Colleague: 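Let me begin by handing over the structure; questions about it come next.
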Amino acid sequence: MLEKTFNPKDVEDRLYQAWEKSGAFRAGNRPDATPFTMVIPPPNVTGSLHVGHALNNTLQDVLARFERMRGKDVLWQPGTDHAGIATQLVVERQLREAQTSRQAMGREAFIKRVWEWKAESGGTITRQQRRLGSSCDWSRERFTMDEGLSRAVLKVFVELYRQGLMYKDTRLVNWDPSLQTAVSDLEVENIEIKGNLWHLKYPLADDAETFIVVATTRPETMLADQAVAVHPDDERYKALVGRMVRLPLTGSLDPIIADEYATAEKGSGAVKITPGHDFNDYEVGKRHGLAVVNMFTPDAKLGADVPEAYRGLDRFVARKKIVADMEALGLLEKVEQVTHAVPHDEKSKSVELEPMLTEQWYLNVKPLAEKAMAAVRDGRTKFIPQRFEDEYFRWLEDIRPWCVSRQLWWGHQIPAWYDADGNVFVAESEAEALAAARAKHGRDVVLTRDPDVLDTWFSSALWPFSTLGWPDATPEMKRHYKTDVLVTMFDIIFFWVARMMMMGLHFTNEVPFHTVYIHARVVDEKGQKMSKSKGNVVDPLTLIEQFGADPLRFALAIAAAPGKDLRMGPGRVEIYRNFCTKHWNAARFCEMNGCVRAAGFDPARVGSAVNRWIIGELVRTKAEVTGALEAFRFNDAAGGLYEFVWNVYCDWYLEFIKPVFAGSDEAQKAETRATAAWVLDEMLRLMHPFTPFITEELWRVTGEQGPARARLLIEETWPDYAAIARDVAAEAEMNWVKTLVSEVRSVRAEMNVKPSDKLPLVLNTPSAREREWLQRHNDLILRMGRLESAVSGDSFPKGAAQIVAGEGDAGLTLEGFIDFAKERARLSKDLKKAEDEVARVDQKLGNANFIS
RNA sequence: GGGCGAUUAGCUCAGUUGGUAGAGCGCAUCGUUUACACCGAUGAUGUCGGCGGUUCGAGCCCGUCAUCGCCCACCA
């Protein structure tokens with residue numbers, strides 16, 4: 001006998017282990033079947049599961065289990081990402097707490113330390129994915145710094161280099177002074193902050209009493225100024241173009257130049273040009289042949305190229321001092337308050353990035369982007385929802401070279417070696433590099449390896465094929481690439497999706513996936529973005545602990561309407577915990593009534609209307625769920641199931657069959673038991689992709705073979721009801737019955753009659769008020785009496801009917817009633833439509849104003 | 001500055017080719033009848049953000065305005 005409620009804690013672990021042990025999640029179980037492949041967006045190896053992961057994993061697991069049940073050979077490829085910056089930061093923090101640093105340890109020891117940390121904490125997130133029920137093929141788990149994946153990275157880098165797409169360049173780059181590394185354009189977050197716009201007076205070189213005023217938000221950079229620019233058409237300054245200013249504080253001479261970049265309306269109309277520390281100024285400098293002076297050290301303190309008084313100062317300290325000094329010289333004209341966007345690192349959002357002139361490795365992604373755009377344009381890869389394609393195009397259309405080198409230690413070290421003269425040798429191994437160097441010099445030379453590592457997203461970009469064994473021609477590569485669906489969130493379309501498209505097409509000539517499903521962001525129950533600082537982070541593990549994995553999964557799936565924020569919290573999950581209990585109790589009811597699947601039961605040959613009807617409803621639901629899942633409408637699929645389980649199966653069907661079980665018609669009882677069991681059984685299968693644990697556990701209740709069947713659930717096929725025709729008669733009949741029952745219930749409620757009371761009880765002692773009601777609803781109650789007796793098998797309470805009707809049986813037989821029901825259903829649907837159409841045409845003709 | 005999305009019951013949200021406005025929660029009333037109180041029955045509640053247009057008919061299509069959110073952008 002089942003307990004009154006489902007206890008997820010008792011079963012989740014046991015069931016998951018049984019699944020995994022049985023090899024049910026393994027790809028390759030069905031060599032003849034169509035493959036279905038997804039790669040998981042690899043979470044940070046040292047991270048833990050947040051509710052966004054939970055959504056992402058749930059949706060993929062729904063698809064994986066659905067396709068597996070449909071008979072496909074599913075590979076859901078799991079793994080983790082080494083997450084260069086994030087992981088290095090975590091370990092560095094630990095070192096700080098231990099009073100040491102990576103610099104003190106040295107590179108080799110530090111990397112060893114990170115691997116240790118990975119070994120220690122790397123299992124956390126995959127354990128948590130298991131708790132959620134994710135049916136990944138764990139036997140194929142990969143890590144971006146695995147030997148095989150690293151080999152793919154080397155090969156890709158070297159090939160891109162040989163193709164001339166990967167190159168070193170010295171240019172301005174976004175520099176993180178805290179981490180002391182370059183970051184890519186995508187990793188910059190512009191944050192609006194309130195600041196000052198200082199108007200500085202620069203005296204002319206040959207006339208110290210005449211000034212040109214420049215406005216700047218970054219006065220400290222004036223120490224590296226190389227010019228003052230004005231717009232060529234700006235009448236105010238035309239005469240000054242070509243003359244020199246003497247830069248205060250440094251005394252150097254800078255030309256006043258005319259450049260379109262300056263806007264007369266902005267600031268004072270004249271702008272200081274600092275090619276070393278501003279992307280625009282850098283371009284202006286190139287046009288005018290200005291020098292590029294770097295005035296900062298890597299940690300953004302003032303360096304050797306500034307007057308001694310400022311050397312070693314932090315940039316913000318220097319800013320204050322320079323403003324004060326300028327003011328003391330009478331060269332500060334005014335200060336305006338402005339809000340302006342300042343580039344910050346997107347991780348902590350607390351470090352102001354500095355444009356810095358450094359040498360870095362760049363990948364010219366332009367030609368790759370062309371192919372990536374073409375693939376989406378001609379439909380080889382589709383985005384759902386489609387509007388994300390526009391965003392994808394917009395970014396790829398004006399894509400700039402990708403700065404792929406990072407001045408970190410944790411990551412794939414760049415496979416480039418240098419000789420003493422600075423010649424570079426790019427090769428997949430040191431031996432190859434040495435050989436190349438020997439060939440060049442005619443003798444053995446000593447090489448040093450480039451100390452930098454690659455952007456984490458470089459290896460992620462290869463994920464769909466590197467995990468399958470590329471560059472080797474593995475059977476998995478052949479069978480599972482391209483993959484089918486990528487399920488991810490919109491915030492990494494540029495970081496990851498676009499780059500996978502580019503790399504995939506470039507190296508395999510095939511798109512990495514035919515569909516990209518973009519799901520929403522999960523926010524808290526109040527609609528606030530979750531953040532640690534706000535303390536409103538919803539922890540999926542707490543929710544699993546509290547309610548179970550199934551309710552969380554169902555809550556996520558049913559809320560997953562494409563492209564909208566998705567609110568999540570305990571309240572939401574509780575609703576679906578209740579739903580799971582309801583589902584559980586439906587099975588419990590079946591168990592109590594001996595509803596066991598009967599051997600040889602044929603749903604197409606059921607006799608009674610109630611049973612024919614519920615089978616029809618099931619068939620309809622299955623079609624709805626299947627269609628919804630095929631279209632990635634998870635909310636519709638889950639919603640349809642919710643409706644069927646609760647409002648159709650429990651609220652109507654189980655209520656209808658109670659009188660049957662209480663009655664004496666043994667043949668009908670047997671049929672009804674078999675039907676109830678069969679429908680429950682099928683329902684469990686439809687529910688399984690969403691709530692795998694409870695369905696697996698309940699499965700044994702309805703199965704002839706007991707618990708041994710449980711293990712097999714996910715290997716069973718998705719229900720196929722092709723042989724069952726839609727039973728319109730049963731549908732119409734039951735709809736009519738339901739309507740009547742509702743009407744009667746409403747009458748009873750209004751009359752204050754207990755549902756348990758038989759009608760005759762009321763009729764024997766009618767009050768005046770009751771008598772009035774009975775008169776008004778005479779006809780209804782007559783029919784109801786008929787129906788109840790038809791459903792329950794009891795004899796029709798003739799006496800009661802006579803009392804009600806006052807004139808004996810109205811002569812309505814059940815058959816006559818069903819005909820009436822059908823007629824009414826037909827009329828209310830088809831005829832209504834036809835009549836409307838006729839009326840519409842009539843009206844049109846009437847309005848047409850024919851000439852007779 | 002550009003682009004996108006949202007605006008539907010008190011709250012949170014569905015609503016896929018335009019055809020009688022839906023769900024859950026909450027609320028009110030009643031109820032422990034062969035599963036389930038993590039339950040059941042019944043009920044109340046909507047100028048579908050405003051205005052204009054197309055149509056026999058608009059929550060849905062078009063235009064416009066308002067408010068909120070997100071993304072992108074080199075503006076001093």
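Model, not experiment: these values are computed from the prediction. Note on naming: letters A, B, ... go to the chains in the order of the sequence lines (proteins, then strands), and numbering restarts at 1 for each one. Atoms considered below: every heavy atom in the structure, side chains included; atoms not considered: hydrogens, waters and symmetry mates.
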Colleague: In sequence, state the C-alpha distance, the side-chain angles, and the governing distance for A/R577 and A/E574, and then conclude on salt bridge (Lys or Arg N to Asp or Glu O under 4.0 Å).
Modeller: CA-CA 5 Å; A/R577 189 272 317 267; A/E574 189 181 3; 3.5 Å; yes
Colleague: Regarding B/A41, can its base be found pairing with the side chain of A/E655 as donor and acceptor, where the two atoms are less than 3.5 Å apart?
Modeller: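 Counting by modelled atom types and ignoring angles, no donor-acceptor contact under 3.5 Å is found here.
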Colleague: Expressed in angstrom and rounded to an integer, what is the separation of A/N174 atom CG from B/A73 atom P?
Modeller: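 In whole Å, B/A73 P and A/N174 CG are 10 Å from each other.
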Colleague: Starting at CG of A/L552 and ending at P of B/C38, how long is that distance when rounded to a whole Å?
Modeller: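 Rounded to the whole Å, the gap is 21 Å.
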Colleague: Can you see whether A/W198 has A/R319 sitting over its ring - NZ or CZ less than 6.0 Å from the centre and within 45° of the normal?
Modeller: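 Pair A/R319/A/W198 does not count as cation-pi.
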Colleague: Examine A/Y202 together with A/F211 and report whether their ring centres are nearer than 6.0 Å.
Modeller: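 For A/Y202 and A/F211, the ring centres are not under 6.0 Å apart.
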Colleague: Whole-Å distance between B/G1 P and A/N190 CG?
Modeller: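 From A/N190 CG to B/G1 P: 16 Å.
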Colleague: Taking atom C1' in both B/A44 and B/U29, compute the distance separating them and give it to the nearest angstrom.
Modeller: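 The answer is 11 Å between these two C1' atoms.
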Colleague: Please pick, from B/C39, B/C71, B/A14, the nucleotide with the shortest atom-to-atom distance to any side-chain atom of A/N578.
Modeller: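 The answer is B/C39.
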Colleague: Kindly point out which of B/C70, B/C4, B/C75 is positioned nearest to the side chain of A/R387?
Modeller: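 Ranking B/C70, B/C4, B/C75 by closest atom to the A/R387 side chain puts B/C4 first.
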Colleague: Which is true for A/F279 with a 4.0 Å heavy-atom rule: it touches a base, it touches only sugar-phosphate, or it touches nothing?
Modeller: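 Answer is nothing: A/F279 stays at 4.0 Å or more from every strand.
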Colleague: Output the single nucleotide from B/C38, B/C71, B/C25 whose closest atom is nearest the side chain of A/I575.
Modeller: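 The answer is B/C25.
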Colleague: Send over the distance from A/E591 CD to B/C36 C1', rounded to a whole Å.
Modeller: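 That distance rounds to 14 Å.
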Colleague: Is it the case that B/C36 (base atoms only) and A/K4 (side chain only) share a donor and an acceptor within less than 3.5 Å, ignoring hydrogens and angles?
Modeller: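 Flag unset: no donor-acceptor pair detected.
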Colleague: Determine the Euclidean distance between corresponding C1' atoms of B/C11 and B/C30; express it in Å to zero decimal places.
Modeller: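 Result for the C1' pair: 25 Å, nearest Å.
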Colleague: For A/F6 and B/C38, what is the distance between atoms CZ and P respectively, to the nearest whole Å?
Modeller: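 One finds 17 Å between P of B/C38 and CZ of A/F6, rounded.
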Colleague: Report the stems of RNA chain B as range-with-range entries sorted by first number; a stem here is at least three consecutive pairs, Watson-Crick or G-U wobble, both distances under 3.5 Å, and write none if there are none.
Modeller: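 When the pairs of RNA chain B are grouped into runs of at least three, the stems are B:1-7 with B:66-72, B:10-13 with B:22-25, B:27-31 with B:39-43, B:49-53 with B:61-65.
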Colleague: Counting the atoms with a prime plus P, OP1 and OP2 as sugar-phosphate, which does A/Y261 contact under 4.0 Å by heavy atoms, base, sugar-phosphate, or nothing?
Modeller: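 Contact class for A/Y261: base.
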Colleague: Got a donor-acceptor pair under 3.5 Å from the side chain of A/R577 to the base of B/C38?
Modeller: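 Per atom types, the contact qualifies.
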Colleague: Could you tell me whether A/R218 contacts a base, only the sugar-phosphate backbone, or nothing, with contacts defined as non-hydrogen atoms closer than 4.0 Å?
Modeller: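 A/R218: no heavy atom of the nucleic acid under 4.0 Å.
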Colleague: Just the rounded figure in Å: distance from C1' of B/C71 to CZ of A/R394.
Modeller: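 Going from A/R394 (CZ) to B/C71 (C1'), I get 6 Å.
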Colleague: Using a cut-off of 4.0 Å on non-hydrogen atoms, how would the nucleic acid contact of A/D390 be classed: base, sugar-phosphate, or nothing?
Modeller: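 Nothing, no nucleic acid heavy atom in range.
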Colleague: What contact category does A/W646 fall into here, base, sugar-phosphate, or nothing, at under 4.0 angstrom with non-hydrogen atoms?
Modeller: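 If one applies the 4.0 Å heavy-atom cut-off, A/W646 turns out to touch the sugar-phosphate alone, with no base involved.
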Colleague: Can you tell me how far C1' of B/A73 sits from CZ of A/F494, to the nearest Å?
Modeller: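 So the two atoms are 12 Å apart, to the nearest Å.
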Colleague: Select base, sugar-phosphate, or nothing to describe what A/A262 touches, counting heavy atoms under 4.0 Å on all strands.
Modeller: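 Here A/A262 touches the bases of the nucleic acid.
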Colleague: Restricting to side chain to side chain donor-acceptor pair (under 3.5 Å), what partner residues turn up for A/E333, sequence neighbours left out?
Modeller: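 A/E333: no side chain to side chain donor-acceptor pair (under 3.5 Å) contacts found.
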Colleague: Describe the nucleic acid contact of A/C580 in one word from base, sugar-phosphate, nothing, applying a heavy-atom distance below 4.0 Å.
Modeller: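 Nothing, no heavy atom under 4.0 Å.
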Colleague: Expressed as a whole number of Å, how far does the C1' atom of B/C38 sit from that of B/C25?
Modeller: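 That atom pair is separated by 14 Å.
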Colleague: Supply the atom-to-atom distance A/N611 CG to A/F656 CZ, rounded to the nearest 0.5 angstrom.
Modeller: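 The CZ atom of A/F656 is 11.5 Å from CG of A/N611, to the nearest 0.5 Å.
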Colleague: Whole angstroms only, please: what is the CZ-C1' distance between A/F656 and B/U33?
Modeller: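 That distance rounds to 16 Å.
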